[in-house]
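Okay, structure first, notes after.
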Amino acid sequence: MIGVAILGSTGSIGLSTLDVLARHPERFRVVALTANRNAEQLAEQCRRYRPAYAAMADPAAARVLQSLLAGMPDAPEVLSGVEGLEQVAALPDAHYVMAAIVGAAGLPPSLAAARAGKRVLLANKEALVMAGALFMDAVAASGAELLPIDSEHNAIFQCLPTGFHAGLAQVGVERILLTASGGPFRDWPVERLATVTPEQACAHPVWSMGRKISVDSATLMNKGLEVIEACWLFGTGPERITVVVHPQSTVHSLVQYKDGSVLAELGNPDMRTPIAHALAWPERFDSGVAPLDLVALGRLDFQAPDPGRFPCLRLAFESARAGGSAPLVLNAANEIAVAAFLDGRVSFPGIARVVEETLAASLEQSVVGQDLAGLVALDQRARATAEQLIAKQAV
Ligand code: NAD
Ligand code: MG
């Protein structure tokens with residue numbers, strides 16, 4: 001039996017992971033589940049999946065969980081805080097770790113899983129954006145298996161030969177084509193973007209996801225973060241990556257080879273496909289996803305992203321080119337700006353302005369080679385800068 005720990009089991013990716021695992025009970029055992037604050041939901045998951053450990057980031061919520069589980073036979077051991085999450089990620093019985101916490105909070109436990117040499121199923125793209133060098137070094141040093149869950153990166157992984165770690169040029173790859181749905185505002189007049197509400201931004205036309213990544217998909221910051229994620233995963237610079245808007249989200253991404261061949265992975269937009277791929281790899285098994293019906297779909301459209309509409313994509317490319325900790329500052333400012341947008345404190349176009357101004361105000365972007373504590377401190381400073389800009393209504 002393969003033991004699986006799920007970091008962020010109450011989220012969209014966490015729930016899809018549990019759905020896939022439940023289809024293969026003879027193969028997998030859930031050894032740990034984690035959540036931020038929702039003790040009721042985690043308690044329910046513990047009763048159903050019977051893990052040995054349950055961790056909550058919030059210590060008060062962990063106490064509530066403990067009391068909710070009192071009297072349960074073989075109740076899981078309850079852990080809390082960042083240390084609890086890190087401990088769960090490195091458990092000897094957890095052979096596979098699904099890293100599906102949203103945002104910078106996912107970095108410490110995802111890194112702990114990489115350091116412990118696990119098969120890391122990485123959904124938490126922010127970990128690579130913030131700490132790509134540290135993370136990839138940990139993977140190399142421990143011999144961890146890093147499998148991308150982000151649908152685009154999982155598609156690229158499937159379209160690359162196994163020897164791609166030697167360098168993309170060595171295996172004949174010319175470009176990576178990263179597809180983007182374009183989000184809900186792809187065709188809106190740009191002037192109307194100032195009126196966008198959180199509900200409109202979170203109603204993604206194709207994918208059903210958590211609120212933060214839904215807003216990122218609407219600004220295309222999600223695609224920008226994914227460009228940076230792809231650079232680390234596939235050992236390339238941003239100049240080899242082209243973003244293509246593809247509203248149907250059926251082609252999950254493509255790899256263009258020197259000889260003119262372009263390989264793509266297609267499927268229905270359902271995260272259970274990349275999750276099942278990474279759980280079964282190098283084999284294949286059932287994910288519960290309906291087969292793709294190309295005839296019913298009828299057409300696949302592609303267009304270039306509109307830079308005026310999506311300044312976040314430009315900012316992400318600039319940060320990727322600048323390197324150092326620019327991507328970390330970009331990510332921190334974006335997390336603050338998205339939270340402020342969801343709270344009604346910043347307009348939708350204001351998100352890009354917060355990010356741009358925070359990047360301009362941060363003098364520490366060239367710092368590289370940080371340890372985790374150093375990166376977390378930089379992240380905190382960038383967040384404080386973004387908060388100040390919002391408080392002063394400077395954006
Ligand atoms: P979500 O908001 O639905 O769930 C997030 C999970 O993280 C929850 O279990 C929550 O309890 C936990 N969490 C939140 N804040 C935390 C904190 N401070 N400390 C510890 N745990 C915390 O998010 P999601 O849509 O499932 O996305 C998860 C990650 O996967 C993100 O990094 C996202 O970019 C990535 N991703 C998601 C999708 C998707 O379809 N949802 C696709 C590709 C990549
Ligand atoms: Mg994606």
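One-based numbering, in listed order, for ligands and for the atoms of each.
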What is the closest protein heavy atom to atom 34 (O) of ligand 1, and at what distance does it sit? K125 CE, 3.1 Å
Considering distance alone, does some N or O of A105 sit under 3.5 Å from an N or O of ligand 1? no
Going by the order shown, which atoms of ligand 1 are within less than 4.0 Å of some heavy atom of A35? 11 (O)
Does any N or O of ligand 1 fall below 3.5 Å from an N or O anywhere on G14, backbone included? no
Considering only the protein, which heavy-atom contact is closest to atom 43 (C) of ligand 1, and what is its distance? D150 OD1, 3.1 Å
Under-4.0 Å heavy-atom contact with ligand 1, by part of E126 that carries it: side chain
Any N or O on G210 sitting closer than 3.5 Å to an N or O of ligand 1? yes
For atom 38 (C) of ligand 1, what's the nearest protein heavy atom and its distance? I13 CD1, 3.5 Å
Which heavy atom of the protein is the closest neighbour of atom 29 (C) of ligand 1, given with residue, atom name and distance? I101 O, 3.7 Å
Identify whether the distance between the nearest side-chain nitrogen and carboxylate oxygen of K392 and E357 falls below 4.0 Å. no
Checking side-chain hydrogen bond (donor to acceptor under 3.5 Å, both in side chains) against S181, which of H204, Q248, K223, H246 comes through? H204
Atoms of ligand 1 less than 4.0 Å from I213 heavy atoms? 25 (O), 33 (C), 34 (O), 36 (N), 37 (C), 38 (C), 42 (C), 43 (C), 44 (C)
Do E387 and R345 pass the salt bridge (charged side-chain N to carboxylate O under 4.0 Å, His left out) test, and can you show the C-alpha distance, the side-chain angles, and the key distance before you say yes or no? CA-CA 11 Å; E387 286 288 11; R345 290 184 291 129; 3.8 Å; yes
Any idea which atoms of ligand 1 are less than 4.0 Å away from a heavy-atom of N124? 32 (O)
CD1 (I101) and CG (L7) are apart, to the nearest 0.5 Å, by 5.0 Å
With salt bridge (Lys or Arg N to Asp or Glu O under 4.0 Å) as the rule and sequence neighbours excluded, what pairs involving residues 21-35 come up? D19-R23, R27-E283
How is the N/O/S atom of E152 that comes nearest to the Mg ion (ligand 2) named? OE1
Heteroatom proximity flag, S12 to ligand 1, N/O under 3.5 Å: yes
CG (L146) and CG (L128) are apart, to the nearest 0.5 Å, by 6.5 Å
Geometric N/O contact N36 with ligand 1, under 3.5 angstrom: yes
Going through the checks in order, is the salt bridge (charged side-chain N to carboxylate O under 4.0 Å, His left out) test met by R314 and E318? CA-CA 6 Å; R314 167 180 59 81; E318 286 169 7; 3.3 Å; yes
Atom 42 (C) of ligand 1 - nearest protein heavy atom and its distance: M271 CE, 3.6 Å
Look at the rings of F157 and H277 and say which category their plane angle falls in: under 30° parallel, 30 to 60° tilted, over 60° perpendicular. perpendicular
What residue and heavy atom of the protein are closest to atom 35 (C) of ligand 1, and at what distance? A123 O, 3.1 Å
Protein residue, atom and distance nearest to atom 4 (O) of ligand 1, heavy-atom basis: G11 CA, 3.1 Å
With a 4.0 Å cut-off, would you call R353 and E356 a salt bridge? no
Compute the angle centred on the Mg ion (ligand 2) spanning OD1 of D150 and OE2 of E226, and express it rounded to 10 degrees. 90°
Proximal atoms of ligand 1 relative to A57 (non-hydrogen, under 4.0 Å): 19 (N), 20 (C)
Applying a 4.0 Å heavy-atom criterion (strictly less than), which segment of M209 is in contact with ligand 1: side chain, backbone, both, or neither? both
Atom 10 (C) of ligand 1: nearest protein contact (heavy atom, Å): T10 OG1, 3.9 Å
Given L389, which partner from the list T358, V346, V355, I336 fulfils the side chain to side chain contact (heavy atoms under 4.5 Å, CB included) test? T358
Can A100 be said to touch ligand 1, with heavy atoms closer than 4.0 Å? yes
Inter-residue atom distance L254.CG - F302.CZ, 0.5 Å rounding: 6.5 Å
In terms of relative ring orientation, are H24 and F285 parallel, tilted or perpendicular, with 30° and 60° separating the classes? parallel
Do we see a donor-acceptor contact under 3.5 Å between the side chains of S249 and W207? yes
